[in-house]
Structures are given as structure tokens and as C-alpha cells.
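Accompanying notes for the structure given below.
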Amino acid sequence: MPEGPSILILKEKVQQFIGEKVIAATCNNDTLDTEILTDQTITAFKSWGKHFLICFPQFTIRIHMMMFGTYRINSHTEKPPRLHLQFEDGELNFYACLLQLIEEPLDKVYDWSADVMNPEWDTKKAIKKMKALPNLLACDALMDQQLFSGVGNIIKNEVLFRSRIHPESLIAAMPSKKVKEMINETIRYSFEFLQQKKKGTLKRHWQAYHKKECPRNHVPFIRKDTGKSRRASFYCELCQVKY
DNA sequence: GCTAATGTTATCGC
DNA sequence: GGCGATAACATTAG
């Protein structure tokens, strides 16, 4: 279900529960002791990349949707939710996700400047981190959640196509101007993704992801599992330069 | 009915 | 112990 932008949409949709007290909570496996949630009041919803964070006064619940995670707000499906939060007036349900209790302060756990959609995003820091990885490929860099938290396979493919970079390019071989261009496009496209996802027009505007041919010169796209993660890349050998 | 897919973590073998 | 490769998990549109 989610790359970073989809988590921002979730965060927006649950704003009504801030300040609400959990009157009951359940978990359909034993990955979280939900007893600690009873009578606790939600102080905030936060996100770091693909992590969705439900904040309580003394701790935070981390939710990761993986590939197939879903949620329902003030409704539920026929299946028992992984996490169910019952409020006086409403309910929140999460399915097929990973749950984790965080007891440390979030600022100690998360580097907010690594989240491509966070206002604290830090391009210079990202470049510095990439320089420490001499064999890093562009496709792996974008998928690395420590470098570009929130980027998934869709954003990766669209960014590489739009900035005309071959997925198997060596970051260290790219001119610094090109690296910056890739980073700027990552931020820009992530927000475009957000707007289009909200409008329901996301798929319609894909230029590379799952596309058959290059919209620039109409040659067939190469589809190849690339990089350490071996995730599918869709790219044009004519216009995407391999550094 | 089968396949593939927006992802991460655990485990195995070297 | 560290590394990479592989398996495991879980959902649903097409």
C-alpha cells in the first residue's frame, strides 16, 4: 500500500483522533501488548518515511504497512484487525502491518532530516551519507530508507526517468550537479505523488513505472531487477545516462 | 485461479 | 561475526 506520501495522507485523515482517549484496544497477534493503550490519550500522529507513528504521553506505537497493509477509519473489514483502537466516538483499524512499541524519545530514534517529505530534509547530509558508500548505485540509493526515507519503487522509477539517470549508475561517478538534480526531483516528485494520489490520478501520470515504452522517444523500456534489493526498474537505454 | 506487486525482517550458508 | 542470498509474511487487483 504505502510509500511516504500515502502515509502523509493517512496522517491527515486521522487528525480527528488527536486528543481522543483510547477506551479499548486489541491486537490479533501477540506483537503488541494492547493493555498499555487503554485510557491513554493520543497526543499526536507523526511519520518518518513509511513509518506511521501514534504518539501517547509516555510512548509511541510504530506502524509499518509493508506491501499490503491497509487501514479503516470509523469502519472495519470482516477480518480481525492487527491493531484496533476504540474511541468514545469512532474507531481506527490497521491490517497486515507490523507493530512496534517505542519507549525512547522519537528524536533519539529518528533522523527527521532523512525523510524526503519532512520539512527538515537535508540534502547536504544525504550527499555526505552517499559519499561514504563508494559502490552505491542510484537505484539502491533511492531505495535506502536511511538515505531517502519514504521512497519506494514507484518514486524510484519515476525519479530516475525524470532526471534521466540509468538505475545502475554509480553515484560516485555522477557529477555533483546531477546528484543534486536527482535529490531535488525525489523531493519534488514525492509531493507530486501526494497530490496525484489525493486526486486519484496517480497511475495515470506514471511515465516509467510499469510502462512499456519511453514517452520521450518511443523505444521499449527495459525492465530489469536492479541493485541489491533486486526490485524492478523500468528504464530507457537511450535517454537515461549510465554514469 | 494465478500472478505480481507501493516492503521489511529473519534466517541460512559461506 | 559479517556478508549476501533467500525465505517468509500478507493482500488483492487484474
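One can place OH of A:Y209 at 9 Å from C1' of B:dA4, the figure rounded to the nearest angstrom. When the C1' atom of B:dA5 is taken as reference, atom CE of A:M65 falls 17 Å away, rounded to whole Å. Per the geometry, CG belonging to A:L194 stands 15 Å off C1' belonging to B:dT6, to the nearest Å. Atom NZ in A:K228 sits roughly 14 Å away from atom P in B:dT9 (whole-Å rounding). Protein atom CD of A:Q100 is 15 Å distant from nucleotide atom C1' of B:dG7, rounded to whole Å. The nearest whole Å value for the distance from the CD atom in A:Q146 to the P atom in B:dG7 is 15 Å. Atom CZ in A:F148 sits about 15 Å away from atom P in B:dG7, given to the nearest Å. Between the CD atom of A:E3 and the C1' atom of B:dG7 there is a distance of 10 Å, rounded to whole Å.
Residues forming a side chain to side chain donor-acceptor pair (under 3.5 Å) with A:N135 (at least two apart in sequence, or on another chain): none. Partners of A:E213 under the side chain to side chain donor-acceptor pair (under 3.5 Å) rule, at least two apart in sequence or in another chain, are A:H218. For A:H84, there are no ring pair (Phe, Tyr, Trp, His ring centres under 6.0 Å) partners, not counting sequence neighbours. For A:Y243, the ring pair (Phe, Tyr, Trp, His ring centres under 6.0 Å) test picks out no residue, with sequence neighbours left out. Listed by chain and number, the residues in a side chain to side chain contact (heavy atoms under 4.5 Å, CB included) with A:Q145 are A:K50, A:S149 (sequence neighbours excluded). In this view, A:K131 satisfies the side chain to side chain donor-acceptor pair (under 3.5 Å) rule with no residue, not counting sequence neighbours.
When the side-chain nitrogen and oxygen atoms of A:K50 are compared with OP1 and OP2 of B:dT8, one or more of them lie within a distance under 4.0 Å. The side chain of A:H64 places no N or O atom within less than 4.0 Å of a non-bridging phosphate oxygen (OP1 or OP2) of B:dG7. Side-chain N/O atoms of A:R230 include none lying less than 4.0 angstrom from OP1 or OP2 on C:dG4. Taking side-chain N and O atoms only, A:R231 has no distance below 4.0 Å to OP1 or OP2 of B:dA5.
Between the side chains of A:D107 and A:W112, at least one donor-acceptor pair of N or O atoms lies under 3.5 Å.
A heavy-atom distance below 4.0 Å to DNA chain B is reached by these residues of residues 150-172 of chain A, ordered by number: A:G152, A:N153, A:I154.
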Legend entry - Watson-Crick and G-U pairing of DNA chain C, under 3.5 Å, as dot-bracket with | and [ ]: .||||||||.||||
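Clustering of Ile, Leu, Val, Met, Phe, Trp and Tyr side chains at separations under 4.5 Å places A:L170 together with A:L137.
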Inset, instruction - Produce a footprint string for nucleotides 7-14 of chain C: one letter per nucleotide, 5' end first; B if the base is under 4.0 Å from any protein heavy atom, S if only the sugar-phosphate is, - if neither. - result: ---BB--S
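Rounded to whole Å, the C1' atom of B:dT6 lies 23 Å from the corresponding atom of C:dA5. Taking atom C1' on both B:dT8 and C:dA13, the two are 22 Å apart, rounded to the nearest angstrom.
Sorted by first and then second residue, the pairs that involve residues 117-154 of chain A and meet ring-ring contact (aromatic ring centres under 6.0 Å, His included), not counting sequence neighbours, are A:W121-A:F148. Residue pairs meeting the ring-ring contact (aromatic ring centres under 6.0 Å, His included) criterion with at least one partner in residues 157-186 of chain A, sequence neighbours excluded, are A:F161-A:F221, A:H166-A:Y235.
Within a 6.0 Å sphere centred on NE2 of A:H76, other residues, nucleotides and ligands contribute 12 heavy atoms or fewer. Residue A:N217 qualifies as enclosed at atom CG: its count of foreign heavy atoms under 6.0 Å is above 12.
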